[in-house]
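Beneath this line is the structure, given in C-alpha cells, with notes to follow.
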Amino acid sequence: MASDQKTPRFSPAETTVVFLLGGPGSGKGTQSSNLVRDYGFVHLSAGDLLRAEQIRPGSQYGELIKSYIRDGQIVPMEITVALLSNAMADTLAEQAASGKAKNEKARFLIDGFPRKLDQAVFFEETVCPSEFTLFLDCSEEVMEKRLLKRGETSGRDDDNAESIRKRFRVFVETSMPVVDEFEKQDKVIKVQATGTVEEVYERIQDGFEKRGVRPSSF
Ligand code: ADP
Ligand code: C5P
Ligand code: MG
C-alpha cells in the first residue's frame, strides 16, 4: 500500500539525539566540550559543519554558505540536514568498525540546530526524533561581550558588531519559536547561561540529573 509516512534514517532505539540551542555566544560550544567528556556525547555543531563545507574544495555550496553566515541568515535546511545526517552515519559506521558494543546507544549532541521550525520537523521526520533540547538562556548584553571578545581571535566572518546584531534578530524571530515548540512538548531543559563556565555546567548537570540523564561512567 502506498504511504507518504517517512521513516527516519536512524532509530531512537539505537541512537539518542539531544539538541543544544541558545543565542550566539550563549556558550554552546564551550559546554559541549564538558558534555562530551562526561556524558559520552558525540558533538556535532551545525555551524562547524557548514564552515567546513564552505571551504571544502569542489563544494557547490561554498559561496552560498559564506554569504548566509556573514548575514547571520539560516542556510537552506536541506544542506544542513544532509551534513548532519551524513556526519551521524559516519560516526555510527566508525563506532561499529571499532567494535562498540551493540547494546551501547550512540549519543549525539547536535549544537546550533534546529534553528528554524521547518528544520526541526524535517530532521525529526527524516533523520531521528530528538530526546530533548538543552536551551542555554543568556542576555544579549552578555552574549555580545563574549562574541566581540571571541572575534579578536576566532577569524570568523560573523563575529563583528553588525553580523552579531543580525544574528540576535534571527535568533529571536526564527530560532526561539523552535524552543517554544519543544517546550510545549515538555522536551526542554532550560539553563541560565550567565556566570562562569563552571557555574553554567553545574546547572546543566542538575537539569540532566532531574531528567534521568546520567554521565557515561555510570
Ligand atoms: P556559542 O557556541 O553558543 O556561540 P561559545 O561556546 O563559542 O558560544 O562561547 C562564546 C565565547 O564566550 C567564547 O569565546 C567562549 O570562550 C566564551 N564563553 C563561553 N561561556 C562563557 C562563560 N560562562 N563565561 C565567560 N565566557 C564564556
Ligand atoms: O552555531 P554557529 O554560531 O556556529 O552558527 C553560525 C552560522 O551558521 C549561523 O549564524 C547561520 O548563518 C549558520 N547556521 C545555519 N543553520 C544552522 C546552524 C548555523 O544556517 N542550523
Ligand atoms: Mg558555537
Side-chain angles (χ1 to χ4, degrees), residues 12 15-49 72 74 77 80-81 84 105-125 127-147 149-150 164-216 218:
T15 309
T16 300
V17 164
V18 170
F19 293 138
L20 174 53
L21 292 176
S26 57
K28 299 182 294 297
T30 305
Q31 297 298 340
S32 290
S33 310
N34 289 330
L35 291 165
V36 165
R37 183 194 60 216
D38 297 337
Y39 290 81
F41 280 108
V42 174
H43 174 230
L44 296 177
S45 154
D48 287 350
L49 288 169
I74 309 296
M77 68 169 175
T80 315
V81 172
L84 284 169
K105 257 175 125 180
R107 280 177 164 178
F108 289 97
L109 183 63
I110 304 202
D111 161 355
F113 181 94
R115 290 276 237 279
K116 207 171 175 175
L117 266 175
D118 65 349
Q119 298 188 341
V121 173
F122 185 61
F123 184 95
E124 292 204 310
E125 279 182 0
V127 182
C128 191
S130 65
E131 184 112 342
F132 62 88
T133 293
L134 171 61
F135 170 51
L136 300 184
D137 191 17
C138 198
S139 68
E140 288 190 2
E141 193 190 347
V142 170
M143 294 193 289
E144 184 183 30
K145 275 200 195 111
R146 290 181 186 169
L147 289 174
K149 181 136 195 354
R150 186 176 75 182
I164 290 168
R165 228 181 356 262
K166 291 181 182 165
R167 290 157 72 199
F168 283 168
R169 204 176 151 154
V170 168
F171 181 72
V172 171
E173 290 176 357
T174 311
S175 305
M176 267 315 286
V178 177
V179 179
D180 295 340
E181 173 56 33
F182 283 133
E183 218 151 24
K184 279 191 210 143
Q185 300 173 22
D186 196 21
K187 281 178 36 171
V188 177
I189 297 177
K190 180 174 168 177
V191 164
Q192 275 306 322
T194 47
T196 65
V197 172
E198 293 71 28
E199 284 166 349
V200 177
Y201 187 49
E202 275 176 26
R203 291 180 207 131
I204 292 174
Q205 288 175 295
D206 285 350
F208 274 30
E209 198 179 321
K210 283 195 191 111
R211 228 183 149 99
V213 185
R214 308 246 170 276
S216 49
F218 287 91

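The shown structure was predicted, so the numbers you read here are calculated from the model rather than taken from an experiment. Atoms considered below: every heavy atom in the structure, side chains included; atoms not considered: hydrogens, waters and symmetry mates.
- Between Pro24 and Phe171 the shortest side-chain heavy-atom distance falls below 4.5 Å.
- Not a single donor-acceptor pair under 3.5 Å links the side chain of Lys28 to the backbone N or O of Leu136.
- Residues Val172 and Glu140 meet the side-chain proximity criterion, which asks for heavy atoms closer than 4.5 Å.
- Phe41 contributes atom CZ, which lies 10.5 Å from atom CD1 of Ile110 (distance to the nearest 0.5 angstrom).
- In this structure, Glu141 places its CD atom where only 12 or fewer heavy-atom neighbours from other residues, nucleotides or ligands lie under 6.0 Å away.
- With hydrogens and angles ignored, the 3.5 Å screen pairs a side-chain donor or acceptor of Lys105 with a backbone N or O of Pro12.
- Between the Arg107 side chain and the Tyr39 main chain, a donor and an acceptor come within less than 3.5 Å of each other.
- Counting only heavy atoms from C-beta outward, the side chains of Glu131 and Arg211 never approach each other to under 4.5 Å.
- Applying the side chain to side chain donor-acceptor pair (under 3.5 Å) test to Arg150 and every residue at least two apart in sequence or in another chain returns Asp159.
- Evaluated for a side-chain hydrogen bond (donor to acceptor under 3.5 Å, both in side chains) with Tyr201, the options Asp38, Thr196, Asp206 yield exactly one hit, Asp38.
- The closest donor-acceptor contact from the side chain of Arg146 to the backbone of Ser26 lies under 3.5 Å.
- A distance-only check finds a donor-acceptor pair linking the side chain of Glu124 to the backbone of Ser130 [under 3.5 Å].
- For Gln205 and Glu209, the side-chain atoms include no donor-acceptor pair closer than 3.5 Å.
- At a threshold of 4.5 Å between non-hydrogen side-chain atoms, the residues Thr80 and Leu49 do not count as touching.
- Within 6.0 Å of CZ on Arg169 lie no more than 12 heavy atoms contributed by other residues, nucleotides or ligands.
- Atom CG in Leu20 sits 10.0 Å away from atom CZ in Phe132 (nearest 0.5 Å).
- Put simply, the side chain of Leu84 does not reach to within 4.5 Å of the side chain of Phe108, judged on heavy atoms.
- Residues Phe182 and Phe135 keep their aromatic ring centres 6.0 Å or farther apart.
- Phe168 is listed as a side-chain neighbour of Glu144, based on a closest heavy-atom distance under 4.5 Å.
- We find the CZ-CD1 distance between Arg167 and Ile74 to be 10.5 Å, quoted to the nearest 0.5 Å.
- The distance from the CD atom of Gln31 to the CG atom of Asp111 is 11.0 Å, given to the nearest 0.5 Å.
- Residues Leu44 and Phe113 fail the side-chain proximity criterion, which asks for heavy atoms closer than 4.5 Å.
- Across every non-hydrogen atom of Cys138 and Thr194, the tightest pair is SG-CG2, 4.0 Å.
- In this structure, CG on Leu109 lies 5.5 Å from CG on Leu35, to the nearest 0.5 angstrom.
- Of the possible polar contacts, none joining the Lys116 side chain to the Val178 backbone as a donor-acceptor pair under 3.5 Å is found.
- Separation of atoms CG (Asn34) and CD (Glu202) is listed at 10.5 Å; rounding is to 0.5 Å.
- Summarising the geometry of Arg203 relative to Val191, their closest heavy-atom pair is CB-CG1, 3.6 Å, with the distance given to 0.1 Å.
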